[in-house]
Structure formats: structure tokens, C-alpha cells
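Comments concern the structure below.
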Amino acid sequence: MTEPVFIKSKWGTARYVYNPRNPVGLALIFLSLALTAGMLLWMHDEGEWSEDELRSAVHEAAGRLEAGPRTVSEWWGLEMQIDDAIEQTGEGPSYGARVDGEGPSDSYANDFTVTGAGTDAAFCLHVVEVPVDETRSNLTVDVSDGTCAPY
């Protein structure tokens, strides 16, 4: 008589568990462990930026920001627009990019350092606002490697 693939749990619940004395049950135990480990590794990799992903996302985001006039306000500031443009590129994880503003925020030129979780890479975005009308501005964005120089 062969052992069943599933047996009742010995911990007082009415659950069934894999039976390690059955070859199929033992294979299912190892398969479950391997799938769980693989998913954890995949999730860890998907949650971190590589230097190339961050570089590509920052350069593509700079192009998106320069594409046309943008409304820049205190509520929807440049940091949020840069973060949104990076997310829209589809590069890297959908979170984990950090945008830090440098320098005076009341001028038309601002610097922003962009970093990403999982990499030591940093990029400086020098953003110049050229007003089009009372509410919108064209943006000129220069990207350089490394953090922005403090003022």
C-alpha cells in the first residue's frame, strides 16, 4: 500500500499537508520551496535600480520634461514632475527613485539629484524654467553624472 500524497495536519486543524513519505508529496514540498525562493529573488531584483536603468530613466525623463510647456506650481512642483516623468519611462521599478532638490526654489534655475535604491549611481538635473505665460513654463533640462554641487 502506498502512502497518500496529502495527509491530515497533526496540529489539530482540519488542513491537509504534503506527505513527505510519498515521492510526489516530497517533490511538491521541494517544488514549493524552489518556487517561493525564486519569487523572493525576483521580487528583490525588481525592487532595485541598476545604474543603467537609472541612467536611461533619467535621460528619458529629461526629454519628457522638455517636450512642451508645463504647469509648475507650489502644489505640483518640479520634484514631483521629475519623479512622475521617471515613473512614466517604465525603466526599473515603479518606486525607489529619489528626487532631492538643491539650491534656491524661488529662482528659475534649480538642481535636482536623482538616486535609486539598489545602486550608488546619482544624476544631477539642472532645470531652467522659461515662462510661457502666467501658469506655464518651458523647461530646459541638463543631465550630468553625480550629485549636484551644493550652493
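Of all the heavy atoms in Asn19 and Pro4, the pair that sits closest is ND2-O, 2.8 Å. Nearest heavy-atom pair across Glu129 and Ser137 is OE1-OG, 3.7 Å. Scanning both residues, Pro69 and Arg136, for their nearest heavy atoms gives CB-NH1, 3.7 Å. The two residues Arg55 and Asp145 come nearest to each other via the heavy atoms NH2-OD2, 3.7 Å. In terms of heavy atoms, Tyr18 sits closest to Gly25 at CB-O, 3.8 Å. Ser9 and Val17 make their closest contact through CB-CG1, 4.2 Å (heavy atoms, listed as atom of the first residue, atom of the second, distance).
Although no hydrogens or angles enter the test, the distance criterion places no donor-acceptor pair under 3.5 Å between the side chain of Thr135 and the main chain of Thr71. Between the side chain of Asn22 and the backbone N or O of Glu3 there is at least one donor-acceptor pair closer than 3.5 Å. In this structure, the side chain of Glu51 does not engage the main chain of Thr119 through any donor-acceptor pair within 3.5 Å. Judged by distance alone, the side chain of Glu53 and the main-chain N or O of Ser50 form a donor-acceptor pair under 3.5 Å. In this structure, the side chain of Glu60 does not engage the main chain of Ile86 through any donor-acceptor pair within 3.5 Å.
Under the 4.0 Å criterion applied to side-chain N and carboxylate O atoms, Asp83 and Arg98 are not assigned as salt-bridge partners.
Grouping the Ile, Leu, Val, Met, Phe, Trp and Tyr side chains by contacts below 4.5 angstrom, directly or via other members, places Leu28 apart from Phe30. Leu26 and Val5 fall into different hydrophobic clusters, where Ile, Leu, Val, Met, Phe, Trp and Tyr residues are linked whenever their side-chain heavy atoms come under 4.5 Å apart, directly or through other members. Each of Val128 and Phe112 belongs to its own hydrophobic cluster when Ile, Leu, Val, Met, Phe, Trp and Tyr are linked at side-chain heavy-atom distances under 4.5 angstrom.
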* To do: Decide yes or no on side chain to side chain contact (heavy atoms under 4.5 Å, CB included) for Asn110 and Leu78, but give the supporting numbers first.
  => CA-CA 9 Å; Asn110 294 291; Leu78 287 173; 3.9 Å; yes

* To do: Could you go through the side chain to side chain contact (heavy atoms under 4.5 Å, CB included) check for Leu35 and Met39 one step at a time?
  => CA-CA 6 Å; Leu35 285 174; Met39 284 299 295; 5.5 Å; no

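In this structure, the separation between CG on Leu54 and CD on Glu91 is 10.0 Å, given to the nearest 0.5 Å. Between Thr89 atom OG1 and His59 atom NE2 the span is 12.0 Å, to the nearest 0.5 Å.
A 4.5 Å side-chain heavy-atom check between Gln81 and Arg70 finds at least one atom pair inside the cut-off. Annotation: side chain of Pro20 is in contact with side chain of Ile29 (closest heavy-atom distance under 4.5 Å).
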